[in-house]
Amino acid sequence: MASRTLSRVTKALLAPALALGATVGLASAPASAAVWNSCDQWGRTNLNGYTLYNNIWGGGAGSQCIWANSGTNWGVWANHPNTGGIKSYPNQTKAINKSITSLRSLSSSYNVSVPSSGAYNTSYDIWDTDHDYEIMLWVNKTGPVGPIGTSQGSVSLGGHSWNVFKGSNGANEVFTFIRTSNSGSGTVNILPILKWIKDTKRWMGNETIGDVQFGYEVTSSSGGLNFTTNNLTISSS
């Protein structure tokens, strides 16, 4: 959703009930001292060419702390109540800033450790520079969570099989690809997915891809749950 982006999230209304004290989660970081951690609602830093972002943007959120050993190894402890609505999207971001036709390659490899309870999805969030289009790739989902829009059938692209949904959040078009089975690790060839949207479905034109994000869209994690990105790399040419 648009309020997850770095450019728009600062315009979001702060939830007055949100309490993110330093007492919450520094102890929830890994036992080894992290290079960086933050329990701030909008806490962020740059490491190794990636931006890491705590990004607690939804209403009714609880507490959440992010830590990082590097730009590609990071995690989050989140304690959000068992209520509806997305509370946060902690993520790492890589800026691409190339049009679809000028890209020769765009791919990512992921390896995560995620809880078996709660309600969340593990997902890529891909944006054009104008924020007219949002492409989500869910590689894992747990609990009562679902995409925006209506089903567009299934497709095998980029090394995976997906159920596809198309809709709008009121600010931009949203195309969601949900992996047909959960996965904790793998490689996604993103460029063929973008070309399928552009050339096969003609849902968008030759957009300039701005950011590729990867993170955890958390709806509930009551009692405190850990989400760990063991390794996540994004590469393009």
Check: Thr101 main-chain N/O paired with Asn206 side-chain donor or acceptor under 3.5 Å
yes
Would you mind reporting whether Trp42 and Tyr53 have side-chain heavy atoms less than 4.5 Å apart?
yes
So, for Ser123 and Glu217, which heavy atoms are closest and what is the spacing to 0.1 Å?
OG-CB, 4.5 Å
Examine distances only and state if a side-chain atom of Ser183 and a backbone atom of Ser185 form a donor-acceptor pair shorter than 3.5 Å.
yes
Under 3.5 Å, side chain of Ser102 to main-chain N/O of Ser99, donor-acceptor pair present?
yes
Test item: Val155 and Trp196 side chains (from C-beta on) under 4.5 Å apart, heavy atoms:
yes
Cation-pi between Lys94 and Tyr50: NZ/CZ under 6.0 Å from ring centre and within 45° of the ring axis?
yes
Output yes when a side-chain donor or acceptor of His80 lies under 3.5 Å from a complementary backbone atom of Gly62, and no otherwise.
yes
Can any side-chain N or O of Ser70 pair as donor or acceptor with the backbone N or O of Thr72 at less than 3.5 Å?
yes
Would you say the side-chain atoms of Thr208 pair up with the backbone N or O of Asn97, donor to acceptor, closer than 3.5 Å?
no
Regarding Lys87 and the six-membered ring of Trp57, is the cationic atom NZ or CZ under 6.0 Å from the ring centre and inside 45° of its axis?
no
Main-chain N/O of Thr150 paired to Gln152 side chain as donor or acceptor, under 3.5 Å:
yes
Can you tell me how far the CD atom of Glu134 sits from the CZ atom of Phe175, to the nearest 0.5 Å?
10.0 Å
Run Trp138 and Phe177 through ring pair (Phe, Tyr, Trp, His ring centres under 6.0 Å) and show every step you take.
CA-CA 6 Å; Trp138 294 16; Phe177 293 70; over 10 Å; no
For residues Leu194 and Ile209, report the shortest heavy-atom separation together with the two atoms involved.
CD1-CG1, 3.8 Å
Asn111 and side-chain hydrogen bond (donor to acceptor under 3.5 Å, both in side chains): which single residue from Asn230, Thr229, Thr233, Asn231 fits?
Asn230
Nearest 0.5 Å please: distance from the CD1 atom of Ile126 over to the CD atom of Glu207.
13.5 Å
Before you tell me yes or no, could you show the steps for Trp162 and Thr180 under side-chain contact (heavy atoms from CB on, under 4.5 Å), namely the whole-Å CA-CA distance, both residues' side-chain angles and the distance that decides it to 0.1 Å?
CA-CA 5 Å; Trp162 315 90; Thr180 54; 5.7 Å; no
With ring-ring contact (aromatic ring centres under 6.0 Å, His included) as the rule and sequence neighbours excluded, what pairs involving residues 218-237 come up?
Tyr120-Phe227, Tyr216-Phe227
From Ile100 CD1 over to Lys198 NZ, what is the distance, rounded to the nearest 0.5 angstrom?
6.5 Å
For Gly43 versus Ser38, what's the shortest heavy-atom pair and its separation?
CA-OG, 3.6 Å
Full working for side-chain contact (heavy atoms from CB on, under 4.5 Å) between Leu225 and Ser117:
CA-CA 8 Å; Leu225 297 176; Ser117 60; 3.7 Å; yes
